[in-house]
Amino acid sequence: MHSKEQLLPELPEVETTRRGISPILSGSRVRDVIIRQKKLRWPIPASLRKCLPGNSIDSVDRRGKYLLLACKTGTLIIHLGMSGSLRFVKEGTVPQKHDHVDIVMNDGMVLRYTDPRRFGCMLFEKDDIKSHPLLCKLGPEPLGENFDATYLFGKSRGRSAPIKAFVMDSNIVVGVGNIYANEALFMAGINPKTKAGRISIGRYERLVQCIKTVLKEAITRGGTTLKDFTDSEGKPGYFSQQLQVYGREGEPCMNCGNTLKEIRQAQRSTVYCPHCQR
DNA sequence: ACTTCGACCTGTTGGC
DNA sequence: TGCCAACAGGTCGAAG
């Protein structure tokens with residue numbers, strides 16, 4: 001059976017994390033930064049230890065799946081990759097194998113970064129955060145107002161890439177990962193293999209609506225089940241029973257009952273209903 | 001300019 | 001039952 005117990009941080013999970021850590025961080029000052037493993041996707045820069053201690057966290061924002069913790073000297077950029085998570089522990093809590101970074105606050109709370117696969121990153125940008133190479137080319141936020149059918153339709157003209165790859169392209173729109181791309185395309189009734197450039201504006205209208213709905217629902221579920229980011233179980237998780245297609249290959253379509261099919265697209269698993277999705 | 005693909009990493013799973 | 005290869009995933013950046 002598929003394993004949805006494992007956290008794969010998509011945009012809703014990152015947003016849930018942001019909302020969880022923001023109130024606890026605000027009003028507290030960083031006392032120390034402890035780096036046990038600096039080899040993440042990119043090495044954690046020394047500037048993190050130099051620039052963070054002594055400063056209060058002024059804001060906790062999100063851009064796509066990047067968390068942005070701003071302080072006076074710059075911005076801490078955090079990505080959770082595929083297996084990362086953040087939670088608060090009390091100072092003195094013994095770190096486990098994959099607990100790579102601690103941000104120790106002056107009140108004794110510790111923001112602990114865990115990431116078994118180390119696909120995530122922790123960077124520090126002293127200058128204008130918006131011009132950072134990781135952020136400056138990103139497409140609009142999927143839940144923002146400027147992500148609409150007109151935008152997607154315009155961007156898609158002349159594109160031969162399959163629609164699933166297109167909506168997962170962070171230069172087109174951020175925050176649509178494999179799971180929710182599958183779910184949104186199912187909800188919109190669009191075959192994942194359809195070339196992006198061949199889809200009408202009417203169908204993009206539907207797709208935009210579905211992407212927003214799927215992400216919003218997931219954030220709502222994350223928010224309602226998030227107990228506490230200060231305990232060790234404080235990771236937001238999926239509700240696999242809410243997923244209509246992802247991980248359900250070979251099982252009946254919840255809409256028509258036909259068998260859901262799995263294919264590979266760009267080395268990623270795509271599950272869809274050949275009957276409902278055209 | 002666009003598209004595809006390799007690389008990174010480790011816990012879990014499937015096959016023999 | 002045990003071992004190992006394959007797999008899962010986000011996304012950057014190189015290659016086509």
Side-chain angles (χ1 to χ4, degrees), chain A residues 1-17 36-45 62-68 77-86 95-101 113-123 125 132-142 152-184 192-199 211 215 218 235-238 240 243 245-250 262-271:
Chain A
M1 192 54 85
H2 38 99
S3 62
K4 241 48 92 283
E5 333 307 331
Q6 177 76 39
L7 169 71
L8 306 169
E10 293 233 22
L11 184 139
E13 289 71 30
V14 177
E15 176 60 19
T16 299
T17 298
R36 299 182 197 84
Q37 168 63 276
K38 69 174 179 184
K39 287 174 68 180
L40 302 183
R41 192 179 209 282
W42 297 283
I44 299 175
R62 179 186 58 74
R63 180 74 177 94
K65 296 178 188 172
Y66 292 95
L67 286 168
L68 306 173
I77 303 172
I78 303 173
H79 197 290
L80 300 176
M82 291 187 38
S83 58
S85 63
L86 287 165
Q96 304 300 300
K97 188 178 178 184
H98 301 297
D99 294 343
H100 305 315
V101 181
Y113 175 84
T114 307
D115 187 1
R117 293 181 196 176
R118 311 213 308 268
F119 273 25
C121 69
M122 269 204 181
L123 300 169
E125 173 59 51
H132 192 281
L134 287 175
L135 305 175
C136 65
K137 289 175 184 169
L138 294 178
E141 289 289 327
L152 254 198
F153 180 78
K155 280 280 182 185
S156 68
R157 292 309 90 181
R159 295 289 192 105
S160 62
I163 183 63
K164 187 187 175 226
F166 183 70
V167 298
M168 287 180 69
D169 183 344
S170 63
N171 295 312
I172 301 301
V173 57
V174 296
V176 183
N178 196 42
I179 294 173
Y180 294 121
N182 277 301
E183 295 299 313
K193 292 184 288 190
T194 309
K195 292 184 192 323
R198 294 272 184 83
I199 294 175
I211 288 172
L215 293 177
K235 296 179 178 184
Y238 300 115
S240 41
L243 299 176
V245 286
Y246 182 81
R248 296 195 64 243
E249 62 277 6
E262 177 174 38
I263 58 171
R264 306 288 299 177
Q265 290 184 297
Q267 298 142 329
R268 292 291 177 268
S269 165
T270 296
V271 185

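Just so you know, these numbers come straight off a predicted model, no measurement behind them. Any value given below was found using the heavy atoms of this structure, including those in side chains, with hydrogens, waters and symmetry copies removed. Each chain gets a letter, A, B and so on, in the order the sequences are listed, and its residues count up from 1.
Nucleic acid contact class of Ala266(A) (heavy atoms, under 4.0 Å, all strands): none. Within 4.0 Å (heavy atoms only), Lys97(A) reaches sugar-phosphate atoms of the nucleic acid but no base atom. Residue-level contact check: Arg268(A) touches the bases, meaning some heavy atom is under 4.0 Å from a base atom.
Side-chain N/O atoms of Arg118(A) and base N/O atoms of dT10(B) include no donor-acceptor pair closer than 3.5 Å.
Atom pair Arg117(A):CZ and dA8(C):P shows a separation of 11 Å (rounding to whole Å applied). In this structure, Leu138(A) atom CG and dT11(C) atom P are separated by 9 Å, rounded to whole Å. Rounded to a whole Å, the CD1 atom of Ile78(A) is 18 Å from the C1' atom of dT11(C). Note: OH (Tyr66(A)) to C1' (dC12(C)) measures 8 Å, nearest angstrom. If you measure from atom CD of Gln267(A) to atom P of dA14(C), you get 17 Å, rounded to the nearest angstrom. Arg264(A) places its CZ atom 13 Å from the C1' atom of dC5(B), with the value rounded to the nearest Å. The distance between atom CD1 of Ile77(A) and atom P of dG10(C), rounded to the nearest whole Å, is 20 Å. Distance, Trp42(A) CH2 to dG10(C) P: 15 Å, rounded to whole Å.
Considering only side-chain N and O atoms, Ser83(A) lies nowhere under 4.0 angstrom from the phosphate OP1 or OP2 of dC9(B). Between His79(A) and dG10(C) there is no side-chain N or O to OP1 or OP2 distance below 4.0 Å. Within the structure, every side-chain polar atom (N or O) of Ser269(A) is placed at least 4.0 Å from both OP1 and OP2 of dA8(C).
Comparing dA8(C), dT4(B), dT10(B) by their closest approach to the side chain of His98(A) singles out dT10(B). Closest contact between the side chain of Glu262(A) and the listed nucleotides dT4(B), dA8(C), dT11(C) involves dA8(C). The side chain of Arg159(A) approaches dC2(B) more closely than any other nucleotide in the set dC2(B), dG9(C), dG10(C).
Each of Lys39(A), Lys38(A), Arg118(A) was scored for a side chain to side chain contact (heavy atoms under 4.5 Å, CB included) with His100(A), with one residue passing: Arg118(A). Screening Ile263(A), Asn182(A), Asp169(A) for a side chain to side chain contact (heavy atoms under 4.5 Å, CB included) with Lys164(A), the sole residue that qualifies is Asn182(A).
Remark: Arg198(A) CZ is loosely packed, at most 12 non-hydrogen atoms of other residues, nucleotides or ligands lying under 6.0 Å away.
Aromatic ring pairs are classed by plane angle as parallel below 30°, tilted from 30° to 60° and perpendicular above 60°; the pair Tyr66(A) and His79(A) is perpendicular.
By the 5.5 angstrom centroid cut-off and the 30-degree plane limit, Phe119(A) is classified as stacked against the base of dC8(B).
Looking only at side-chain heavy atoms (C-beta outward), Leu11(A) and Tyr180(A) stay at 4.5 Å or farther from each other.
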